[in-house]
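One structure is given here, and the rest of the page talks about it.
Each chain gets a letter, A, B and so on, in the order its sequence line appears, and its residues count up from 1.
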Amino acid sequence: MSSFIPFDIHCYQKLLAKFQDVFEPELINEICESGKLRSFDRDEILMDIGMVINEMPLVISGSVKIMTEDDQGDELLLYYLELGDTCAITLNCCTQQQKSSIKAITEESCELLFIPINKMDDWMVRYKSWRAFVLGSYNLRLNEMLQSIDHLVFHSMEDRVIKYLSDKAGISKSNSLKITHSQIANDLHSSRVVISRIMKKLERENKIEQRRNLVMMLDV
DNA sequence: CCATTAAGATACT
DNA sequence: AGTATCTTAATGG
């Protein structure tokens with residue numbers, strides 16, 4: 001076992017970089033051994049409503065957009081997954097053996113590590129750090145959801161657009177976002193004209209600058 | 001060039 | 001805020 005490397009080195013290094021202070025070394029080894037690493041391009045649908053999930057995703061690189069959808073197919077952005085994040089809703093889905101209630105789309109090109117659910121139960125009892133990670137992830141998402149609901153109900157469309165843009169800038173670590181007004185409208189469950197109106201206003205207030213398919217954040 | 005599509009404008013709900 | 005409709009501008013073949 002000394003010279004044999006049973007897993008992907010690249011993946012191992014990524015995990016180590018992110019989790020060496022959080023997970024026990026043996027756990028990191030186990031994650032590498034039983035996880036399957038897959039990479040995706042941008043805008044790939046990882047998961048759709050109604051799909052059955054039996055693996056838990058862990059983000060190794062890139063970011064993933066998590067959305068809900070109503071019966072008419074209208075969408076609403078819930079939150080983003082970044083490096084080291086896992087999706088609490090998926091966690092719930094797989095432990096309960098339910099169908100997915102969400103849709104997951106890659107935001108940039110991504111690498112995800114898929115962990116079989118049977119491992120999860122095992123690790124829950126064997127590793128304290130894993131337990132803490134899973135519970136912490138639930139906590140984080142719950143709070144984020146509450147914040148989203150708060151914004152949705154108590155804030156104006158303009159506030160929501162501003163939050164959306166700065167969230168997106170934070171995720172992509174860039175101030176120029178390649179996005180169209182109708183994409184924003186779709187994510188925020190609004191219409192293109194309304195977004196255009198708000199974007200025009202923000203531009204007049206020198207908060208953003210825009211070209212076709214491009215928005216640049218100014219007040220940073 | 002022209003077709004397509006993003007974004008602006010205006011008017012009405 | 002949202003819808004409908006029209007106009008204008010950018011982009012890629």
Review point. Hey, where on DNA chain C does chain A first and last touch, going 5' to 3'? Cut-off is any atom under 4.0 Å from a heavy atom.
Key: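 Listed 5' to 3', the contact boundaries are C:dA1 to C:dT11.
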
Exercise for review: Looking at every strand, decide which applies to A:Ser191 at a 4.0 Å heavy-atom threshold: base, sugar-phosphate, or nothing.
Suggested key: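 Touches a base.
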
Do the side-chain N and O atoms of [X] and [Y] include a donor-acceptor pair separated by under 3.5 angstrom?
X        : Y        : answer
A:Ser196 : A:Arg192 : yes
A:Glu111 : A:Ser61  : yes
A:Asn118 : A:Asp122 : no

Exercise for review: On DNA chain B, reading 5' to 3', which nucleotide is the first and which the last to sit with an atom under 4.0 Å from a heavy atom of chain A, could you check?
Suggested key: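 Boundary nucleotides touching chain A, in 5' to 3' order, are B:dT5 to B:dA11.
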
Exercise for review: Sequence neighbours left out, what pairs pass salt bridge (charged side-chain N to carboxylate O under 4.0 Å, His left out) with at least one residue falling in residues 16-26 of chain A?
Suggested key: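 Qualifying pairs: none.
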
Review point. What distance do A:Ser109 atom OG and A:Phe40 atom CZ have between them, rounded to the nearest 0.5 Å?
Key: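 It comes to 11.5 Å.
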
Check your understanding: In terms of the nearest nucleotide of DNA chain B, which residue is placed more toward the 5' end: A:Val193 or A:Thr180?
Key ->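 Nearest-nucleotide comparison on DNA chain B picks A:Thr180.
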
Exercise for review: Could you pick out which residue, A:Leu214 or A:Arg197, lies toward the 5' side of DNA chain B when each is mapped onto its nearest nucleotide?
Suggested key: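 Upstream on the strand: A:Leu214.
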
Exercise for review: Find out whether A:Gln210 and A:Met199 are in side-chain contact, i.e. whether some heavy atom of one side chain is under 4.5 Å from a heavy atom of the other.
Suggested key: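 Sidechains of A:Met199 and A:Gln210: in contact.
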
Review point. If you pin A:Ser156 and A:Arg192 to their nearest nucleotides in DNA chain C, which one's is more 5'?
Key: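 Here A:Ser156 is the residue nearer the 5' end.
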
**Study point:** Within the 6.0 Å centroid threshold, strictly below: A:Tyr127 and A:Phe23
**Key:**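 No, they do not, as the ring centres are separated by 6.0 Å or more.
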
Point to revise | Atom of A:Glu158, atom of A:Leu202 and distance for their closest heavy-atom approach | key: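 Answer, listing the atom of A:Glu158 first, then A:Leu202: OE2-CD2, 3.9 Å.
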
